[in-house]
Amino acid sequence: MIDAGTGLATLSLSEMHRIRHIFLTHAHMDHIAALPTFLSNQFEQPNLPVKVYGLAETLQRLKRNIFNDEIWPDFTKAIGSATAVVELVELKAGERIEHEGMLIEPFAVQHKIPTVGYSVRSEHLHYVFCADCTESAQLVTDLNRLAPIDVLMIECAFPDRLTEVAEKTQHMTPAMLQRTLLQVQDIKHVWVTHLKPSYESELRQTLSDGPWTIL
Ligand SMILES: Nc1ncnc2c1ncn2[C@@H]1O[C@@H]2COP(=O)(O)O[C@H]2[C@H]1O
């Protein structure tokens, strides 16, 4: 699974118990909100520890601010004879790892705090998730380097009239998205995501004619 936002909390307990690996893009709350309760629900489950992967900066933020034995237990420590619930696994941008038949590469994207997108290659599919990010020359370079891409999932948080807010909060607008995609070759499908709820209908209207699917 990539990220642990509020969607994770909607799964049943048995569905949660099947998730053994979570790859985090960054430590913002909407991407980790369900992680504390998800992990507390794993105690004494088989196949522990759950592995949570992320940049060193992401894992440090989690340890310092949440799993600090004050806000929530430090689940990296075992209690009694039980196995520790979680193992935090540090990733570096650009370092590929093999995982269950997939080749996973985190790549740095521009956002307010250290953030990575993920390229996930299996035998039949190359999926790229850009995470929260804004327009940048590096993103264009990385997408062209990673291409061909079967599915690109990319954000579009704010309408163009809020370009200044998008720049300050390091997100995309439809114009930024369009400029980015015009410079990238060889993407089969684009899925647009992370429409801010307050602007969702406005964004859906603006984006309705584009060469993408809006999630
Ligand atoms: N100073 C601010 N005032 C109001 N909203 C903000 C401010 N900074 C960030 N945000 C919003 O808070 C959100 C935090 O998560 P996001 O990065 O998805 O998007 C961010 C913005 O929508």
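Counting starts at 1 for both ligands and their atoms, in listed order. Along the sequence shown, the residues carry numbers beginning at 1. For clarity, every value in this text was computed on a predicted model and none was experimentally measured.
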Report, in ascending order of atom number, the atoms of ligand 1 lying under 4.0 Å from any heavy atom of [X].
X      : answer
His28  : 17 (O)
Asp30  : 18 (O)
His111 : 17 (O)
His194 : 18 (O)
His171 : 16 (P), 17 (O), 18 (O), 19 (O)
Asp132 : 18 (O)
Phe158 : 22 (O)

### Task
Answer yes or no: does an N/O atom from Thr169 fall short of 3.5 Å to an N/O atom of ligand 1?
no
### Message
Does any part of the side chain of Val86, heavy atoms only, come nearer than 4.5 Å to the side chain of Leu48, both counted from C-beta?
### Response
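No, their side chains stay 4.5 Å or more apart.
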#### Entry: pair Leu203-Phe158: side-chain heavy atoms closer than 4.5 Å
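Not in contact.
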Below 4.0 Å from ligand 1: does a non-hydrogen atom of [X] turn up there or not?
X      : answer
Lys168 : no
Lys112 : no
Gln170 : no

With a 3.5 Å cut-off and no angle check, do the side chains of [X] and [Y] form a donor-acceptor pair?
X      : Y      : answer
His126 : Ser119 : yes
Ser12  : Glu15  : yes
His17  : Gln42  : no
Asp132 : His194 : yes

For [atom], state whether the nearest protein heavy atom is under 4.0 Å away.
atom                    : result
atom 1 (N) of ligand 1  : no
atom 19 (O) of ligand 1 : yes
atom 14 (C) of ligand 1 : no

### Message
For Arg145, I'd like to know if atom CZ has over 12 heavy atoms of other residues, nucleotides or ligands within 6.0 Å.
### Response
yes
### Message
Looking only at protein heavy atoms, which one is nearest to atom 22 (O) of ligand 1, and what is the separation?
### Response
Lys196 NZ, 3.2 Å
#### Entry: Parallel, tilted or perpendicular, as decided by the 30° and 60° cut-offs, for the rings of Tyr53 and Phe23
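Phe23 vs Tyr53 ring planes: parallel.
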### Task
Look at the side chain of His111 and the backbone N and O of Gln170, then say whether any donor-acceptor pair between them is shorter than 3.5 Å.
yes
### Test of ring centre spacing under 6.0 Å for Phe129 and Tyr118
no
